[in-house]
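Presented below is the structure to which this report refers.
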Protein chains: 2
Amino acid sequence: MVRRNASLAQQITLELLADIKDGRIGRDGGALASENELSQRFQVSRATVRDALSKLELAGVVVRRQGVGTFVNPRASHQAAAIQGWADEANSFMEMIRSAGHQAEAVVLEVQVHPAGHIAALLEIPAASPVLAIEKVFLASATPAIHCINVVPLSLVEASFIEQAAALFEAAESPYQFLARCCHRHVHHQQSEIRATAADERLGRLLRCTAGAPLLQVEEIGYTADLQPVFYAMNHFSGDVVTFRQVRQPVLSIDRLSPNATAATSE
Amino acid sequence: MVRRNASLAQQITLELLADIKDGRIGRDGGALASENELSQRFQVSRATVRDALSKLELAGVVVRRQGVGTFVNPRASHQAAAIQGWADEANSFMEMIRSAGHQAEAVVLEVQVHPAGHIAALLEIPAASPVLAIEKVFLASATPAIHCINVVPLSLVEASFIEQAAALFEAAESPYQFLARCCHRHVHHQQSEIRATAADERLGRLLRCTAGAPLLQVEEIGYTADLQPVFYAMNHFSGDVVTFRQVRQPVLSIDRLSPNATAATSE
DNA sequence: AAGTGGTCTAGACCACCAT
DNA sequence: TGGTGGTCTAGACCACTTA
């Protein structure tokens, strides 16, 4: 149950999360123990407990109310039919689909090495520089749900893996895994652009929808901690099977005016 | 410059953000001062500085590298043409469009009171219960960019405002503002579902695209801190003008394996 | 008034990276 | 080895809600 090399806060986060998911605490929006109680139970400082709770709050799992307590968000789709989380809890589409209760299957359409071309600028490499590209379709209970193309600069692959790069890329569950194992790179964050597009003839065939059907398009660039772009992805989601859910809270919001207060700004 | 009623951390966050946006620090991915330096400069503890930096990191404005320093993310679209942030920094579409460098204009198509109908379940009110609904189109530099329908249960509106509810709803810059002023409710977080849909004839006319054109659909429910649903929104975005950008970092990710490490889990 | 979460401090030690 | 960010502590006080 306890993980080595994980911070105390992280361990507590996961422990509480498991308790919530299994319904041991906070059923139907019930309250968690107070921060003081938790800090005693886990034998850590209150700051550490708060750290753990903050992560759960950020993920939308719990809601904190000053002066009242911390409550489980009953609408957090722990077991929802729709796919949520999206790179929060799940790092691969396989996990996403599985956690949505579907049987997940990945079909690799093609793995090839070709010049970066128009992706070069996004990966900050020369256009003629070779990249490793894989094209997949993910099935959720046998229904095509996601089409994706993942691209990694070949120059990142370690010399010892370069011969079998295509095979390893194909075998990996996700580009993150491949990058970690074969490129010694860890994706620190991603920048995404989300659009709606119409399926072309080919995508329509692959995702079993008519050409012109609206698809959710997510274009992503993954960066390491030192801001080097290390992978590119173009994903298309068939709307019927997959729904994106997201819990949003203000992060940098400037005005948190109290009710009726009009001016709270001074020079 | 300094805001009353704002926490020290929040003040520092905003100060650093302004410095970054104006290019006074961290140009082209440069480093910020170290946490110790900042804590001395602002005369606060290092924990408070870390609090402030964490918010900037969460917003994708800076990147922190252990053992190295904190750096400005040069790709954070502070002044990008595309609309980003999305309820992080901007709480209204007007602000979103303006911060994207466009001239923002809102056209109200209709304000009316009608039974909740199919929205009732989402707002957790009876289907016959009346709701206040407003339909708007937002223009970015005279081009239709966003169509939105906002719905608030009429029962939430304070008695003293109920006569002019429709007018106030129409005048408010955002449903958040209206809820705060006229309902004494503050939206604590929102749950969104993102899909791609095809424009129907009416939406096509309003957003100046052909019927069947793909549109990004964002359906949102806003909740107060005590988990009461207080507003519903159905938004459609015309893809050409508005692009969603998002910086994503793992929140609850379980495996942060070090390179080459395979098993880091013990029982 | 009592209990909750929110903020802040001063200090400690660790893991990581550069040199 | 020195400096950086990452984690953690023990304690304090504040703001808010509820009774």
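Lettering of chains follows the sequences in order, A, B, ..., and the numbering in each one begins at 1.
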Original post:
Which heavy atom of B:Lys55 sits nearest a heavy atom of B:Ala9, and at what distance?
Top reply: NZ-CB, 4.4 Å
Original post:
Between C:dT7 atom C1' and A:Asp51 atom CG, what is the distance in whole Å?
Top reply: 14 Å
Subject >> Given B:Arg41, B:Arg24, B:Arg27, the one that forms salt bridge (Lys or Arg N to Asp or Glu O under 4.0 Å) with B:Asp19 >> reply: B:Arg24
**OP:** Starting from P on D:dC14, measure out to CD on A:Glu35 and report it in whole angstrom.
**Re:** 18 Å
**OP:** Figure out the CD/P separation between B:Gln66 and D:dG5, and round it to whole Å.
**Re:** 10 Å
Original post:
To the nearest Å, how far apart are B:Arg50 CZ and C:dT7 P?
Top reply: 16 Å
**OP:** Give the rounded distance in Å between these two atoms: CD of B:Glu57 and P of D:dG5.
**Re:** 11 Å
**OP:** Report yes if a side-chain nitrogen or oxygen of A:Thr48 is closer than 4.0 Å to either non-bridging phosphate oxygen (OP1 or OP2) of D:dT9; otherwise report no.
**Re:** yes
**OP:** Please state how far atom CD in A:Glu37 lies from atom P in C:dT4, giving the value in whole angstrom units.
**Re:** 6 Å
Original post:
B:Ser39 and B:Arg50: side-chain hydrogen bond (donor to acceptor under 3.5 Å, both in side chains), yes or no, with the steps?
Top reply: CA-CA 9 Å; B:Ser39 71; B:Arg50 282 185 61 74; over 6 Å; no
Subject >> Sugar-phosphate, base or nothing in reach of B:Leu8, heavy atoms under 4.0 Å >> reply: sugar-phosphate
**OP:** Would you mind reading off the distance between A:His188 atom NE2 and D:dG5 atom P, rounded to a whole angstrom?
**Re:** 13 Å
Original post:
Could you state the CZ-C1' distance from A:Arg64 to C:dT4, rounded to the nearest angstrom?
Top reply: 12 Å
**OP:** Go through the steps to decide whether B:Ser34 and B:Asn36 satisfy the test side-chain hydrogen bond (donor to acceptor under 3.5 Å, both in side chains), and finish with yes or no.
**Re:** CA-CA 5 Å; B:Ser34 76; B:Asn36 278 321; 5.2 Å; no
**OP:** Ignoring hydrogens and angles, answer whether the base of C:dG6 and the side-chain atoms of A:Arg65 contain a donor-acceptor pair closer than 3.5 Å.
**Re:** no
Subject >> Distance below 4.0 Å between B:Thr70 side-chain N/O and D:dG5 OP1 or OP2 >> reply: yes
Original post:
Nearest heavy-atom pair of B:Ala172 and B:Phe178: which atoms, and what distance?
Top reply: CB-CB, 3.9 Å
Subject >> Whichever of A:Ser34 and B:Ser45 has its nearest DNA chain C nucleotide further upstream toward 5' >> reply: A:Ser34
Original post:
Start at the 5' end of DNA chain D and walk down; is the nucleotide closest to A:Gly67 or to A:Gln43 reached first?
Top reply: A:Gln43
Original post:
Side-chain N or O of B:Ser7 less than 4.0 angstrom from OP1 or OP2 on C:dG6?
Top reply: no
Subject >> Position toward the 5' end of DNA chain C (nearest nucleotide), A:Ala47 or A:Gly69 >> reply: A:Gly69
